[in-house]
Every structure is written in C-alpha cells, then in structure tokens.
2 protein chains.
Amino acid sequence: MDGNTDNKEKEIKALLKGKKIRPSIIRVKVLKYLLDNRNHPTADRLFSALENDIPTLSRTSIYNTLKTFLDEGVVSEITIEDGNSRYDAFTGKHGHFICEKCGGVSDFDVKCATCAPESLNGYKINQEHVYLRGLCPNCIKSGGDGNEKNFRKKRCKKSS
Amino acid sequence: MDGNTDNKEKEIKALLKGKKIRPSIIRVKVLKYLLDNRNHPTADRLFSALENDIPTLSRTSIYNTLKTFLDEGVVSEITIEDGNSRYDAFTGKHGHFICEKCGGVSDFDVKCATCAPESLNGYKINQEHVYLRGLCPNCIKSGGDGNEKNFRKKRCKKSS
DNA sequence: TCCAATTTTGTAATAATTACAATTTTGTAA
DNA sequence: TTACAAAATTGTAATTATTACAAAATTGGA
Ligand SMILES: [Mn+2]
Ligand SMILES: [Mn+2]
Ligand SMILES: [Zn+2]
Ligand SMILES: [Zn+2]
C-alpha cells in the first residue's frame with residue numbers, strides 16, 4: 001500500500017466516477033486488474049485472480065461488474081473464441097492475436113485506420129474488431145510446426 | 001430436382017471428395033445450405049433449416065458435420081458474438097458486420113489486404129477476422145438512433 | 001443515526017456445446 | 001449378392017459459461 005498504489009487507486013476511482021459508476025471495492029479491483037494485467041482475462045480468470053483478495057467475492061459480482069463496465073464503455077468484450085468472453089480495459093484501437101496452441105491473447109497495432117469500406121456508408125459502426133489466429137513464437141519454438149489441424153477449443157474447465 | 005440442382009449437388013460432392021470428406025447426405029445438405037444461404041447460420045439455425053428435409057436429423061450430427069468441415073477448412077467459424085458460433089462456407093477474404101438490433105450478420109470487403117503489422121513477423125498467422133458491430137440501414141430507419149447502450153445479447157432461446 | 005437506493009451474494013435456471021455409447025449406413029472384398 | 005469392418009448418425013446425458021432473481025449486505029446522504 002505505498003503512495004504509488006494509492007495514486008493509481010485514486011485515478012481508477014476518478015475514472016469510474018467520470019462514467020457515473022460508483023467506485024465500489026469490487027469495481028475498483030476489477031478495473032485495476034484489467035489495467036495492470038493486459039492479459040484479456042475471462043470472467044472466471046478475473047474471479048480466480050481476485051477471490052483471495054476479496055474472500056466474499058461471487059462470480060455473479062464479476063459478471064455484474066463487467067456488464068456495468070460494458071454498458072458505460074469502460075471495457076470492451078473480446079469474442080475471439082467461442083464460449084469464453086474476454087475483457088479489455090485498454091480502449092485504444094488495437095487488434096488481438098490468439099495462439100491456437102497456448103491460448104494466449106496478445107495485442108497488436110492494426111495497420112489500417114479502419115477496415116470498413118465505403119460500401120457500408122448506410123451503416124452505423126459502433127465497434128471494429130480485428131482478430132488473428134495462429135501460433136505465437138514460443139509455441140512455434142516448442143514444437144508446433146504451424147500445420148496442425150484447426151485448433152478446436154475444448155471447453156476449458158474452471159481451473160479446480 | 002432439375003438438372004441445375006443436380007449439377008450443384010455434383011459440384012458439392014466433388015468439393016467434399018477433394019477434401020477427403022465422404023459426401024454423406026447430411027454433409028452435402030449442410031454445405032449446400034451454407035453455399036445457397038449466405039446468412040452465417042448458427043448450428044441451431046442449420047438444424048432448423050434441415051430438419052424437415054431430413055426427418056431423422058439430430059443436432060449432434062450438425063455439430064459433427066461442422067467440426068469435420070472446420071478441420072478440413074471447408075467452412076470457417078465466426079465468433080462475432082459470444083455464445084453463438086456461426087458458420088460460413090464462403091472462403092474468400094471478407095469481413096463481417098453484425099447489427100446490434102436485429103442480429104443480422106452480413107459480409108463486406110475489407111479495405112486492407114492484411115491488417116497484421118510487421119511486428120508480428122515471429123508469429124504464424126492462420127486466420128484473420130474483421131468484425132464490425134453497429135446498426136444496419138433497416139434498423140436505423142425503424143427507430144434506432146444509434147446511441148443505445150451497448151447491445152447485450154440475451155441468450156437466444158431456440159426458436160421453439 | 002436512519003433509510004432508501006445500490007451493490008453484492010447464493011442459488012437455480014438456461015442454453016450451447018461436447019462426450020459417449022448404441023445404432024444405422026456404407027464401401028468393398030470375397 | 002453377401003458379409004463385415006469402418007464410418008456416420010443418433011439419442012441422451014454431461015459440461016459449463018452466463019443469466020435470472022430474490023435475499024442480504026452495504027452505502028451515501030438526510
Ligand atoms: Mn487488448
Ligand atoms: Mn461471410
Ligand atoms: Zn502460444
Ligand atoms: Zn439490423
């Protein structure tokens with residue numbers, strides 16, 4: 001609990017207040033986790049990461065918090081793989097890469113300012129997502145030749 | 001059952017054989033549906049569309065078929081919204097737009113040949129997806145002002 | 001302090017997908 | 001054609017992420 005941590009918490013609270021979200025303990029901790037860890041966690045990963053810190057935490061609260069954040073545009077939802085939404089508090093435009101072997105999701109800068117063509121001028125575009133799937137350097141090194149069959153996610157059982 | 005239909009079926013069977021997939025009745029009908037209807041159906045929509053035609057059809061067979069197609073690259077999976085995978089047999093590079101009001105998914109041509117930057121040169125990229133979310137012209141006309149809160153999919157009950 | 005509004009929690013319900021074993025269908029060799 | 005193994009299909013049950021909902025706890029201001 002040094003001054004630095006204190007400062008960051010103040011910033012987070014201010015950020016939430018700016019969006020008319022009451023900065024409850026859970027909300028602050030969820031947002032802090034997302035800002036500190038750019039690992040695009042699932043709701044369940046968030047729960048696991050915070051349950052020690054907040055012993056009374058429930059999964060529903062994580063979902064509630066994320067829904068609030070989504071509604072106010074504090075986080076965005078990444079549906080890069082089916083069956084597991086991931087969440088991102090970094091709001092600058094960027095794309096997401098998922099490794100089909102280790103499942104890790106990382107950021108990258110998309111080349112183009114927008115991928116939407118003029119043919120969509122009758123549409124209102126609210127969000128733009130660019131997702132890549134493939135193999136990360138680590139997994140290439142450790143044996144993957146990159147020619148495996150399409151990765152099929154197994155439903156990933158909650159870790160314990 | 002005109003000659004045209006016959007012809008198309010032959011093409012589909014040839015396509016499957018070329019991928020070493022035995023062209024069973026279900027597989028041919030699923031692929032035919034996907035080629036005839038570019039509506040990016042969910043597994044359940046496919047089931048509903050074909051169950052009259054194949055009275056003994058089971059949902060598991062739809063899933064089995066789609067998994068086979070995915071493994072051989074005959075279709076691609078669209079995870080533009082969480083909780084409902086959609087499938088596309090059109091393999092040319094294109095992006096997908098989902099209307100947050102009516103849920104319709106449509107194709108568009110992405111501007112850029114690739115959105116992947118040079119910074120990913122240590123990665124092997126197998127797939128590239130561009131997803132847009134917003135409002136389609138129809139839904140804009142019929143009242144949506146485009147400033148609604150983020151669309152949150154409700155789990156969409158199987159249409160009876 | 002007190003109270004209404006908000007947040008959090010626990011539990012049950014929902015629904016997409018998968019696991020799996022039984023049944024049916026199919027290709028082919030005899 | 002017949003027989004049989006391999007492949008495909010089916011039905012059912014299990015899994016699991018998410019949502020619904022009502023009760024309990026917390027909170028901010030009067
Ligand atoms: Mn990100
Ligand atoms: Mn498409
Ligand atoms: Zn990896
Ligand atoms: Zn629409």
Side-chain angles (χ1 to χ4, degrees), chain A residues 13 16-17 19-31 40-48 50-51 53-72 77-87 103 150-160, chain B residues 13 16-17 19-31 40-48 50-51 53-72 77-87 103 150-160:
Chain A
K13 285 182 183 175
L16 289 176
K17 278 177 193 159
K19 302 267 188 171
K20 312 281 183 219
I21 300 172
R22 193 189 287 179
S24 69
I25 292 177
I26 292 178
R27 287 169 180 165
V28 170
K29 287 199 193 275
V30 166
L31 185 49
H40 311 93
T42 61
D44 196 63
R45 197 183 212 291
L46 271 167
F47 176 79
S48 302
L50 299 181
E51 63 177 336
D53 203 2
I54 313 173
T56 60
L57 188 63
S58 76
R59 275 194 179 74
T60 302
S61 292
I62 296 289
Y63 283 110
N64 287 344
T65 298
L66 290 169
K67 173 154 176 28
T68 302
F69 285 1
L70 282 172
D71 285 347
E72 300 304 325
E77 186 177 24
I78 299 167
T79 58
I80 196 169
E81 59 181 342
D82 174 67
N84 276 93
S85 282
R86 294 162 175 271
Y87 300 89
N150 266 341
F151 168 81
R152 298 255 59 210
K153 73 255 156 213
K154 345 172 197 323
R155 282 181 167 264
C156 45
K157 179 155 33 187
K158 281 167 188 153
S159 51
S160 111
Chain B
K13 285 181 183 175
L16 288 176
K17 278 177 192 159
K19 301 266 190 173
K20 311 282 183 221
I21 299 173
R22 194 190 287 177
S24 68
I25 292 175
I26 292 178
R27 287 170 181 166
V28 170
K29 288 199 192 277
V30 167
L31 185 48
H40 311 92
T42 61
D44 195 63
R45 197 182 211 292
L46 272 166
F47 176 78
S48 302
L50 298 181
E51 64 177 335
D53 202 2
I54 313 173
T56 59
L57 187 62
S58 75
R59 276 194 178 75
T60 303
S61 293
I62 297 289
Y63 283 110
N64 287 343
T65 299
L66 290 170
K67 173 155 177 26
T68 301
F69 286 0
L70 282 172
D71 286 346
E72 300 305 325
E77 187 177 23
I78 299 168
T79 58
I80 196 169
E81 59 180 344
D82 174 66
N84 275 92
S85 282
R86 293 162 175 272
Y87 301 89
N150 266 341
F151 168 79
R152 298 256 57 211
K153 73 252 157 217
K154 347 172 197 321
R155 284 181 167 266
C156 45
K157 184 154 28 187
K158 281 167 188 154
S159 52
S160 109

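Nothing here was measured: the structure is a model prediction, and the numbers come from that model. Here is how names work: the chains are called A, B, and so on, in the same order as the sequence lines, proteins then strands, and each is numbered from 1.
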message: Measure CG/A/L66 against C1'/D/dA17 and give the value in whole Å, please.
response: 13 Å

- prompt: For B/L50 and D/dT9, what is the distance between atoms CG and C1' respectively, to the nearest whole Å?
  reply: 14 Å

- prompt: Roughly how many Å is it from CG in A/D82 to P in C/dA16, rounded to a whole number?
  reply: 11 Å

- request: Measure from the side-chain N and O atoms of B/R86 to the backbone N and O of B/I78, and report whether any donor-acceptor pair falls under 3.5 Å.
  value: no

message: Once pairs are restricted to Watson-Crick or G-U wobble with both distances under 3.5 Å, how does DNA chain C read as a dot-bracket string, [ ] for crossings and | for other-strand pairs?
response: ||||||||||||||||||||||||||||||

task: Report the distance from atom CZ of A/R86 to atom P of D/dT18, rounded to the nearest whole Å.
output: 11 Å

field: Residues in side-chain hydrogen bond (donor to acceptor under 3.5 Å, both in side chains) contact with B/S61, at least two apart in sequence or another chain
entry: B/S58

query: Separation of B/K67 atom NZ from C/dT17 atom P, in whole Å?
result: 14 Å

Which residues share a side-chain contact (heavy atoms from CB on, under 4.5 Å) with A/K19, sequence neighbours left out: A/I21, A/E72, A/V74

query: Has B/S85 got a side-chain N or O lying under 4.0 Å from the OP1 or OP2 atom of C/dT17?
result: yes

Minimum side-chain heavy-atom gap A/I62-A/T60 below 4.5 Å: no

message: Please find the pair of heavy atoms, one from B/L66 and one from B/A43, that lie closest to each other, and give the distance.
response: CD1-CB, 4.1 Å

- line: note: A/E77, atom CD; D/dA17, atom P; distance rounded to Å ~ 15 Å

- prompt: Less than 4.5 Å apart, any side-chain heavy atom of B/V28 and any of B/K13?
  reply: yes

Flag side-chain contact, heavy atom, 4.5 Å: A/V30 against A/Y87: no

Between the protein and nucleotides 3-10 of chain C, which nitrogen or oxygen pairs are less than 3.5 angstrom apart?
residue : atom : partner : partner atom : Å
C/dT7   : OP1  : A/R27   : NH1          : 2.6
C/dT7   : OP1  : A/R27   : NH2          : 3.2
C/dT7   : O5'  : A/R27   : NH2          : 3.4
C/dT8   : OP1  : A/S24   : OG           : 2.5
C/dT9   : OP1  : A/T56   : O            : 2.7
C/dT9   : OP1  : A/T56   : OG1          : 2.8
C/dT9   : OP1  : A/L57   : N            : 3.3
C/dT9   : OP2  : A/S58   : N            : 3.3
C/dT9   : OP2  : A/S61   : OG           : 2.4
C/dT9   : O5'  : A/T56   : O            : 3.2
C/dG10  : O6   : A/T60   : OG1          : 3.3

- request: List in chain and number order the residues that pass salt bridge (Lys or Arg N to Asp or Glu O under 4.0 Å) with A/R27, two or more places apart in sequence or in another chain; answer none if no residue qualifies.
  value: none

- prompt: With sequence neighbours excluded, what pairs up with A/K29 under the side-chain hydrogen bond (donor to acceptor under 3.5 Å, both in side chains) test?
  reply: A/D53

- request: Could you tell me the separation between the CG atom of A/N84 and the P atom of C/dT18, rounded to a whole number of Å?
  value: 12 Å

message: Rounded to whole Å, please give me the gap between NZ in B/K17 and P in D/dA7.
response: 17 Å

- prompt: Phosphate oxygens OP1/OP2 of D/dT18: is one of them under 4.0 Å from a side-chain N or O of A/Y63?
  reply: yes

